[in-house]
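This report concerns only the one structure given below.
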Amino acid sequence: MINFEKFTLNNGLRVIVHQDASTPIVAMNILYDVGARDETPGKTGFAHLFEHLMFGGSVNIPKYDVPLQKAGGENNAFTSNDVTNYYLTLPKQNLETAFWLESDRMYKLAFSEKSLEVQRNVVSEEFRQTHLNQPYGDVWLLMRPLAYKVHPYKWPTIGEKIEHITNAKMEDVKAFYGKYYNPNNAILVVSGDVEVDEIKKLAEKWFGPTENNGNNKREIPVEPVQKEARFMEVERDVPLDAVYKCWHMCSRTDEAYHATDLLSDMLGNGNSSRLYYELVKNKNLFSEINAFVMGSMDKGLFVVSGNLLKGIKPEDAEAAINNEIDKIRTSMIDEKELQKVKNKVESTLVFSEMNVLDKAMNLAFAELAGDAENVNLEAGKYQAVTPEKILDTAANVFRPENCSTLFYRAK
């Protein structure tokens, strides 16, 4: 159980406070409700580019890292297709430094052609290293547009093409910042040995004066129901053939999400999962195989991916995957098997509440998904899933026409 209080400033900034007196370290997490899905075709990768630009200095603080390090703090950030998240930890006596730093770059980022050029180069190099020059690196540059035809999930967080980053113009970057980096589009969480009244005063002092300047209303196209199976194959300079299969599934906030997540664990999470036990251990078809869900805010993907052993044909490997999928979509699972994966999920949730930073992140994401209180309801929602619900979910997700398949062949 994570106890917390929350309040909202006049400018719309949601603030959540979790008191934890067990540590002298305080965590601050600020989540902006903007990700790659908010980009426009031809101008992709901007959310991730901004993650980098936010460390390039704000109007009153030329170098973000310097005062934070002097205060004994550490920081980092990440971007997804749904959000951009910034977080830091520091000793509680230096907490106001965190408010000063984060409020200043929300108030006004210090844009310069030099900073933009530096970060364009950094992100472009990251694109090359992670997606172009790495074995299997371009998988999601291929799979996303195969599975999605209209929704902006059809490009990865880093962007659709490297040229969209290298060609990013200052006016476009400023417009993106103005639209999304506003108090009413952010959730601030402070977790540690703090008092709620203290956080209220600091939040009013540092974030209260910042006004909302942008209209961040979303108008994202809805992905049509997939009505026929899709297939692609490519050849690349990689050591092993691989097979990737994706099915459209519900969103993270849908009531069917927890059953879908448990379904992925039963199929491909760990050495006792169905796909690993049958296709790696028993039949020696794959060197590794996994199943996972993309917990997207809009309708996401259920993914099965595996690297084949030498001499195994992708067609035979796919047929074996389909055989295991057919079993779970047509036969009721055993209550004991279901409870086993429920227990694993519950232990993961418990571990995610071990430190103040993880708790701050969990609260921010729960609030974004509807209500911070959901952070305390997750375990119960997983435990409430029945074998009947798993069967119903599997039948709904694993329709053949709902699937997109990629054969990734080694040259």
(request) Using a strict 4.0 Å threshold on nitrogen-to-oxygen distance, state whether Lys154 and Glu39 make a salt bridge. (result) no

(request) Given ring-ring contact (aromatic ring centres under 6.0 Å, His included), test Phe46 with His164 step by step and report yes or no. (result) CA-CA 8 Å; Phe46 272 54; His164 294 175; 8.6 Å; no

(request) Describe, in one word, how the ring planes of His258 and Tyr382 are oriented to each other, choosing from parallel (under 30°), tilted (30 to 60°) and perpendicular (over 60°). (result) perpendicular

(message) Check Lys174 with Glu171, please: is the shortest side-chain N to carboxylate O separation under 4.0 Å?
(response) no

(request) Show your reasoning for whether side chain to side chain donor-acceptor pair (under 3.5 Å) applies to Glu102 and Trp206. (result) CA-CA 9 Å; Glu102 292 297 343; Trp206 291 104; over 6 Å; no

(message) Check Glu204 with Lys201, please: is the shortest side-chain N to carboxylate O separation under 4.0 Å?
(response) no

(request) Please report the shortest heavy-atom distance between Ser124 and Thr166, naming the atom on each side. (result) OG-CG2, 3.2 Å

(message) With ring-ring contact (aromatic ring centres under 6.0 Å, His included) as the criterion, how do Phe231 and Phe407 come out once you've worked through the C-alpha distance, each side chain's angles and the decisive distance to 0.1 Å?
(response) CA-CA 8 Å; Phe231 177 77; Phe407 284 179; 4.9 Å; yes

(message) Angle between ring planes, Phe50 versus Tyr177, binned at 30° and 60°: parallel, tilted or perpendicular?
(response) parallel

(request) On the 0 to 90° scale, with breaks at 30° and 60°, tag the Trp247-Phe398 ring pair as parallel, tilted or perpendicular. (result) perpendicular

(request) For the pair Asn81 and Thr157, evaluate side chain to side chain donor-acceptor pair (under 3.5 Å) and give the outcome as yes or no after the intermediate values. (result) CA-CA 5 Å; Asn81 284 72; Thr157 302; 2.9 Å; yes

(message) Would you say the rings of Tyr408 and Tyr136 are close, in the sense that their centroids are separated by under 6.0 Å?
(response) yes

(message) My understanding is that only one of Trp100, Tyr86, Phe55 makes a ring-ring contact (aromatic ring centres under 6.0 Å, His included) with Tyr64; could you say which?
(response) Phe55

(request) Could you tell me whether Glu324 and Lys327 make a salt bridge, using a distance below 4.0 angstrom between a side-chain N and a carboxylate O? (result) yes

(request) Test the Lys205-Phe99 pair against the cation-pi criterion, namely NZ or CZ under 6.0 angstrom from the six-membered ring centroid and within 45° of the ring axis. (result) no

(request) Kindly compute the distance separating CG (Leu49) from CD (Glu126), expressed to the nearest 0.5 Å. (result) 10.5 Å

(message) Angle between ring planes, Phe78 versus Tyr87, binned at 30° and 60°: parallel, tilted or perpendicular?
(response) tilted

(request) Apply side chain to side chain donor-acceptor pair (under 3.5 Å) to Lys245 and list each qualifying residue two or more places apart in sequence or on a separate chain. (result) Glu318, Thr405

(request) Before giving the answer on side chain to side chain donor-acceptor pair (under 3.5 Å), spell out for Ser22 and Asp20 the whole-Å C-alpha distance, their side-chain angles and the decisive distance to 0.1 Å. (result) CA-CA 6 Å; Ser22 67; Asp20 182 350; 2.5 Å; yes

